[in-house]
Peer 1: 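I have a structure here, written as structure tokens, and I will follow up with some questions on it.
Quick note on labels: first sequence line is chain A, next is B, and so on, each numbered from 1. Here the structure is a predicted model, which is why all the values come from computation and not from measurement. Because only heavy atoms are used, hydrogens play no part in the values below, and waters and symmetry mates are left out as well, while side chains stay in.
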Amino acid sequence: MQKLINEPADAVVESLEGLQLAYPHLLRVSFSPHYVARVDAPVRGKVSVISGSGSGHEPLNVGYVGRGMLDAACPGAIFTSPTPDQYLAATRAVEGGAGVLYIVKNYMGGVLNTEMALELAREEGYDVASVLVKDDVAVEAAHNRRGMGAAVLVEKIAGAAAEAGRPLAEVTRLAQRASDQARSMGVALSSCTVPSVGRPTFDLPADQMELGVGIHGEPGRLRLPLAKADTVVEMLAEAILKDMAVRPGTSVLAMVSGLGATPQHELFIVFRRLHAFLQAHGLVVARCLVGNYVTSLDMAGCMVTLLQLDPELIALWDAPVHTPALTWGV
Amino acid sequence: MQKLINEPADAVVESLEGLQLAYPHLLRVSFSPHYVARVDAPVRGKVSVISGSGSGHEPLNVGYVGRGMLDAACPGAIFTSPTPDQYLAATRAVEGGAGVLYIVKNYMGGVLNTEMALELAREEGYDVASVLVKDDVAVEAAHNRRGMGAAVLVEKIAGAAAEAGRPLAEVTRLAQRASDQARSMGVALSSCTVPSVGRPTFDLPADQMELGVGIHGEPGRLRLPLAKADTVVEMLAEAILKDMAVRPGTSVLAMVSGLGATPQHELFIVFRRLHAFLQAHGLVVARCLVGNYVTSLDMAGCMVTLLQLDPELIALWDAPVHTPALTWGV
Amino acid sequence: MSQEISLAHFRAWLLAYAEHIEAIEAQLTDLDAAIGDADHGANMRRGMERLRARLADPGLQCDDIGALLRTVAMTLVSTVGGAAGPLYGAFFLRAAQECQGGSVVTLVQLARMFRAGLQGIQQRGKAQLNDKTLVDALEPAVVALEKAAAEGAPLAVALEAARVAAEAGMRHTIGLQANRGRASYLGPRAIGHQDPGATSLYGLIRTAAETLGAAQPASLASRR
Amino acid sequence: MSQEISLAHFRAWLLAYAEHIEAIEAQLTDLDAAIGDADHGANMRRGMERLRARLADPGLQCDDIGALLRTVAMTLVSTVGGAAGPLYGAFFLRAAQECQGGSVVTLVQLARMFRAGLQGIQQRGKAQLNDKTLVDALEPAVVALEKAAAEGAPLAVALEAARVAAEAGMRHTIGLQANRGRASYLGPRAIGHQDPGATSLYGLIRTAAETLGAAQPASLASRR
Ligand SMILES: Nc1ncnc2c1ncn2[C@@H]1O[C@H](COP(=O)(O)OP(=O)(O)O)[C@@H](O)[C@H]1O
Ligand SMILES: Nc1ncnc2c1ncn2[C@@H]1O[C@H](COP(=O)(O)OP(=O)(O)O)[C@@H](O)[C@H]1O
Ligand SMILES: [Mg+2]
Ligand SMILES: [Mg+2]
Ligand SMILES: [Mg+2]
Ligand SMILES: [Mg+2]
């Protein structure tokens with residue numbers, strides 16, 4: 001296993017320790033239970049936005065903690081949804097009196113653990129809402145769709161709304177709208193290797209690709225011969241647009257996220273075609289992100305995410321953000 | 001070859017097209033010859049800082065173009081130093097009347113091409129200086145050392161000094177000091193694959209590592225069984241400190257850069273040990289960078305870079321920067 | 001008089017289950033790698049390690065079966081994570097609620113506890129039989145236990161019937177397409193692979209059969 | 001009267017070299033992968049493609065050998081990049097300076113041009129014999145050419161002597177540790193591998209031997 005780790009069982013803790021050492025001015029890591037909180041939390045009178053996911057997707061979610069985005073992130077074991085007590089402890093640590101929004105990616109584990117957390121937090125008197133992210137068009141049944149790249153966008157939108165002082169119902173509504181208007185699809189050129197497993201989750205010959213993969217090393221729906229980047233992009237974008245029903249002239253945010261082992265050099269080649277494709281379909285690429293934003297350990301490949309924009313979402317997207325992985329504005 | 005590209009011969013151009021589409025507000029890409037210029041260049045009365053390198057190291061250098069850092073970057077073919085005419089065209093495009101500094105990584109190709117560029121630019125009447133970056137302690141002969149991660153730091157320091165309105169001699173002196181005070185060493189856990197070649201540059205069994213690799217897929221000096229992250233970090237940091245002769249109490253900037261295919265999760269594990277190691281050696285980690293800053297296509301592994309700081313360099317480091325890959329301040 | 005299952009029997013069961021999970025961790029990993037994300041083995045092992053530590057803690061206040069099973073539920077919920085953590089947690093929590101304060105349970109009570117546990121899992125996870133989840137191993141076991149209890153079968157016979165039913169249910173998942181959980185993303189590609197959760201759940205029933213029906217529990221059985 | 005080499009001969013040489021580089025690109029890649037960064041093949045091919053296009057351009061103003069070689073130099077410098085671009089560029093630039101305005105050159109002049117080219121490379125790159133660079137193929141060829149010229153040997157014989165010397169020099173790099181260029185980072189690990197630059201440079205001499213000494217240049221030789 002070609003990894004820079006020590007004991008696989010220690011990887012998550014040690015990675016969080018490194019994160020803490022790298023960003024002491026932005027965040028505080030709690031180790032028992034695991035959560036990462038904004039350094040100045042709780043921010044009095046502000047809605048708190050909390051998200052969680054298994055580790056191995058970095059910068060999601062721990063890299064999105066900071067002003068203008070998440071108040072706290074709960075990192076689980078590798079690819080494993082965090083537990084209710086993590087959410088509860090994070091809630092206690094960052095709640096500022098205006099309520100809490102949990103942003104949940106739609107996996108059985110994500111849903112079940114946050115449902116429990118919601119019940120427990122409400123028992124403790126917290127005002128908690130939740131929004132489900134389910135953007136993966138590779139999954140046909142819409143209710144069952146996985147949460148993927150849209151998580152980043154929903155967290156940014158919700159964080160900006162919270163930072164602007166909007167009440168919980170408003171923050172929830174905006175996050176829900178962002179979630180509803182986002183779609184993703186991914187492609188893997190290699191499997192990832194889970195540290196505790198020590199070998200690739202699936203075998204993928206060098207001349208093949210897995211279309212419609214998730215971000216946990218789940219195999220995709222379809223294995224095909226590896227195509228040229230342009231063709232791959234068209235497959236992803238077509239599947240997304242087919243599901244989105246956006247009118248020509250619509251503004252979109254287009255994200256190309258590497259899955260961990262694909263270099264920027266390639267991501268820009270992907271974005272080039274995506275941009276042309278969207279333009280040819282009459283869409284306006286008003287905002288974009290190209291880089292490693294939602295990853296799957298050391299998987300090669302990428303994910304395309306589109307978010308239908310409107311002036312309100314654009315303003316929230318453009319609002320200042322100061323986190324390890326996204327930084328702009330003042 | 002597991003890559004998201006079209007024709008290997010088109011990869012550099014297409015990647016630059018994607019870069020242009022992603023960052024129209026920060027940079028302008030010229031395609032004949034290839035260079036990437038700050039969107040508001042030339043900035044009148046400011047020293048211009050220009051750097052070049054082969055493609056495949058992204059974000060180096062094209063991702064460091066923008067206010068507070070590079071006025072222009074010249075991307076060569078994959079792993080191939082750019083040609084003199086690229087430097088010359090970039091110089092003509094961004095020179096603002098206060099002279100130009102070329103930041104050159106110490107490779108035969110880098111040196112020879114910029115030497116020619118310097119001669120040509122001077123013939124055209126430009127005031128051009130250059131600073132050589134040679135930080136790789138894996139190369140024993142100091143004059144022959146490769147330019148590696150220090151390039152990012154020298155470019156940031158020089159860019160900040162230029163942005164502050166310092167004259168060419170000053171900018172050059174500060175860049176030279178940063179270069180003199182920086183050391184790096186890298187380790188590969190896998191080879192990279194050059195697109196036009198289509199297979200890994202070297203074979204590395206999964207249980208081995210190459211210590212002291214460069215950033216062009218050159219094999220390292222030493223092949224060893226893959227050790228735990230902590231041990232690997234100690235090997236790199238010890239080699240660097242042995243060469244640096246820093247006194248206890250010295251402030252350093254510590255950078256851990258992934259080489260392209262190593263996830264953040266691991267980079268933080270590396271940084272954790274590096275931080276502890278430096279502290280144990282009496283050094284103060286005053287600033288840090290952890291992420292993919294200087295890469296080698298899809299190579300797994302990382303590079304450690306240390307820069308000895310002083311108040312002047314810290315102030316220049318902290319100065320605002322607005323580029324695709326580094327952003328802070330106003 | 002019907003046979004009784006003591007607190008010590010339950011402790012012996014949980015320890016046997018922890019050992020079993022450690023023994024089949026690699027198998028669970030492989031099964032989850034094929035149709036999931038390769039973490040079911042690690043998740044369950046992490047939960048079992050923590051559970052073992054809790055059970056070994058001399059300060060642990062668990063003087064009745066309900067309290068013991070509640071501790072198990074809480075431990076699993078806060079350490080396993082993923083889908084399995086809340087589901088196994090729901091099983092033990094609901095089972096605990098069925099035997100509040102009891103220091104021994106009968107087969108009839110045990111069947112009621114398992115049924116409640118199954119209901120807890122289904123309430124949370126909404127899985128039905130043939131959705132290719134751990135329900136496919138648990139539900140047949142519960143049905144077999146209830147039948148044996150109604151017939152007044154001896155405890156050991158009832159538990160063995162449950163084990164056989166759970167095993168058949170587990171094997172049955174091989175032929176199924178998944179409707180719940182991570183394997184559901186695979187569509188027909190999930191067919192041909194045994195469900196990891198059903199596999200770990202079968203282990204729970206199997207170790208129950210090995211321990212709960214024993215004349216004397218395997219571990220320090222002084223309390224009986 | 002000594003044999004003369006015409007502009008058409010030089011064009012034939014350059015075209016033959018371009019063809020040769022395309023033929024050995026994979027070999028150059030492999031050699032550079034072993035002790036460098038695997039781009040020498042692609043770099044040289046890119047340069048040769050561009051050169052071929054330039055030479056085919058009917059608007060190209062190259063009525064004398066000096067102008068032709070200067071064009072070659074500029075084309076290589078602006079398309080090859082890396083270490084090889086400026087070094088091959090220096091070779092052709094300095095060679096061009098030795099035959100300003102000439103439309104034919106003799107063996108004596110050719111030897112002088114090659115010597116100047118070698119000096120240009122060494123001025124830029126500072127490599128000496130045995131540093132494991134293209135100098136190890138070029139310098140023996142220049143020496144052989146000079147010797148043959150001094151002895152008044154026929155052109156074809158002189159060029160063949162140069163080719164043989166270059167080939168030996170190229171092979172000699174196998175046993176060397178590198179002192180210049182990327183292979184120098186490898187220390188003793190570079191021993192056992194033939195230098196890619198020496199290999200492409202040998203091709204330059206070899207194609208010279210095949211074309212410059214011919215009675216009639218291979219390509220449209222009307223100008224002779
Ligand atoms: N809705 C559900 N109801 C019952 N069991 C489920 C459900 N969803 C998933 N499971 C079970 O959980 C198992 C996977 O557990 P685990 O790998 O630990 O969690 P995750 O899928 O979050 O990685 C599956 O094999 C399946 O048996
Ligand atoms: N200082 C030098 N003098 C002469 N030749 C050199 C020198 N440095 C490198 N070379 C030649 O250049 C070749 C490598 O060329 P190439 O791969 O195109 O460039 P790079 O090393 O920049 O990738 C080497 O094999 C060697 O023969
Ligand atoms: Mg999981
Ligand atoms: Mg090169
Ligand atoms: Mg799983
Ligand atoms: Mg090379």
Side-chain angles (χ1 to χ4, degrees), chain B residues 8-9 33-34 52 54-56 74-86 88-89 107-117 120 136 138-141 144-146 191-203 210 212-223 296, chain D residues 25-26 28-47 49-50 73-90 93 120-127 131 133-134 177-190 193 197:
Chain B
H34 285 167
S55 291
C74 300
I78 294 283
F79 291 170
T80 301
S81 315
T83 58
D85 55 314
Q86 293 178 257
L88 192 63
Y107 297 94
M108 191 46 62
V111 170
L112 293 179
N113 285 286
T114 48
E115 267 178 9
M116 283 196 176
L120 295 170
D136 186 2
V139 179
E140 273 157 28
N144 197 29
R145 284 184 173 166
R146 295 176 280 215
S191 172
C192 53
T193 296
V194 175
S196 65
V197 179
R199 57 192 153 65
T201 302
F202 55 86
D203 286 320
E210 282 273 335
V213 284
I215 52 173
H216 302 83
E218 311 100 311
R221 281 190 85 88
L222 200 63
R223 181 165 294 192
S296 184
Chain D
E25 178 186 350
L28 296 179
T29 299
D30 289 351
L31 293 174
D32 201 27
I35 57 170
D37 57 352
D39 63 352
H40 190 57
N43 291 347
M44 293 300 292
R45 198 220 348 92
R46 193 172 52 250
E49 263 172 23
R50 189 84 196 87
M74 288 307 146
T75 304
L76 297 186
V77 162
S78 66
T79 53
V80 176
L87 294 173
Y88 272 94
L93 197 65
I121 286 177
Q122 290 189 304
Q123 234 165 50
R124 285 268 169 221
K126 312 277 185 302
D131 279 353
T133 71
L134 43 79
Q177 184 166 334
N179 291 321
R180 296 275 163 191
R182 215 171 278 282
S184 67
Y185 309 135
L186 283 177
R189 287 176 84 183
H193 300 277

Peer 1: Dump the intermediate steps for side chain to side chain contact (heavy atoms under 4.5 Å, CB included) on D/Met44 and D/His40, then the final yes or no.
Peer 2: CA-CA 6 Å; D/Met44 293 300 292; D/His40 190 57; 3.5 Å; yes
Peer 1: Considering only heavy atoms and a distance below 4.5 Å, find which of D/Ala33, D/Ala83, D/Gly82, D/Gly187 pairs most often with chain B.
Peer 2: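 Of D/Ala33, D/Ala83, D/Gly82, D/Gly187, D/Gly82 has the most heavy-atom pairs under 4.5 Å with chain B.
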Peer 1: As an exercise: rank D/Ile35, D/Thr79, D/Val77, D/Thr29 by heavy-atom pairs under 4.5 Å with chain B and give me the winner.
Peer 2: D/Val77
Peer 1: State, yes or no, whether a side-chain contact exists between B/His216 and D/Tyr185 at a heavy-atom distance under 4.5 Å.
Peer 2: no
Peer 1: Counting only heavy atoms closer than 4.5 Å, note whether D/Arg124 contacts chain B via side chain, backbone, both or neither.
Peer 2: both
Peer 1: Nearest 0.5 Å, please: how far is CE in B/Met108 from OG1 in D/Thr133?
Peer 2: 9.0 Å
Peer 1: Under 4.5 Å, counting heavy-atom pairs only, tell me which of B/Met116, B/Glu140, B/Arg146 racks up the most with chain D.
Peer 2: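 The option with the most such pairs is B/Arg146.
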Peer 1: Go through the atoms of D/Ala84 and report whether side chain, backbone, both or neither lie under 4.5 Å from a heavy atom of chain B.
Peer 2: neither
Peer 1: So which part of D/Ala42 gets closer than 4.5 Å to some heavy atom of chain B, the side chain, the backbone, both or neither?
Peer 2: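 Side chain only.
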Peer 1: Hey, does the side chain of B/Gln86 reach the backbone of B/Pro33 with a donor-acceptor pair shorter than 3.5 angstrom?
Peer 2: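 No, the answer is negative, given that no donor and acceptor are paired below the 3.5 Å cut-off.
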Peer 1: Which region of B/Asn113, side chain (C-beta onward) or backbone (N, CA, C, O), has a non-hydrogen atom less than 4.5 Å from a non-hydrogen atom of chain D, or is it both or neither?
Peer 2: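 For B/Asn113, backbone and side chain are both near chain D.
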Peer 1: Is it the backbone or the side chain of B/Tyr107 that comes under 4.5 Å from a heavy atom of chain D, or both, or neither?
Peer 2: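 Backbone plus side chain of B/Tyr107, per the 4.5 Å heavy-atom cut-off to chain D.
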Peer 1: Rounded at 0.5 Å granularity, tell me how far CG in D/Leu28 sits from CG in D/Asp39.
Peer 2: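 Output value for this atom pair is 10.5 Å.
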Peer 1: Against chain D, label B/Thr201 side chain, backbone, both or neither, depending on which of its atoms sit under 4.5 Å from a heavy atom there.
Peer 2: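 Looking at B/Thr201, backbone and side chain both touch chain D.
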Peer 1: I need the residue from D/Leu186, D/Asn43, D/Asn179, D/Asp37 with the largest number of non-hydrogen atom pairs under 4.5 Å to chain B.
Peer 2: D/Asp37
Peer 1: Go through the side-chain N and O atoms of B/Asn144 and D/Ser184 and say whether any donor and acceptor fall under 3.5 Å apart.
Peer 2: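 There is such a pair (donor and acceptor under 3.5 Å, judged by atom type) between the side chains of B/Asn144 and D/Ser184.
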Peer 1: Please answer whether the main-chain N or O of D/Arg189 pairs with a side-chain N or O of B/Arg221 as donor and acceptor at a distance below 3.5 Å.
Peer 2: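 Not confirmed, B/Arg221 side chain does not pair with D/Arg189 backbone.
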Peer 1: When rounded to the nearest 0.5 angstrom, what distance separates NE2 in B/His34 from CG in B/Asp85?
Peer 2: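 Separation between the atoms: 11.0 Å.
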Peer 1: Could you look at D/Ser78 and say if it's the side chain, the backbone, both or neither that has a heavy atom under 4.5 Å from chain B?
Peer 2: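 Answer is both: backbone and side chain atoms of D/Ser78 are under 4.5 Å from chain B.
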Peer 1: Which region of B/Ile78, side chain (C-beta onward) or backbone (N, CA, C, O), has a non-hydrogen atom less than 4.5 Å from a non-hydrogen atom of chain D, or is it both or neither?
Peer 2: backbone
Peer 1: Between the main-chain N or O of B/Pro219 and the side-chain N or O of B/Glu210, is there a donor-acceptor pair closer than 3.5 Å?
Peer 2: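 Here the side-chain-to-backbone pair does not exist.
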Peer 1: Identify which of B/Gly54, B/Pro82, B/Ser81 forms the greatest number of heavy-atom pairs closer than 4.5 Å to chain D.
Peer 2: B/Ser81
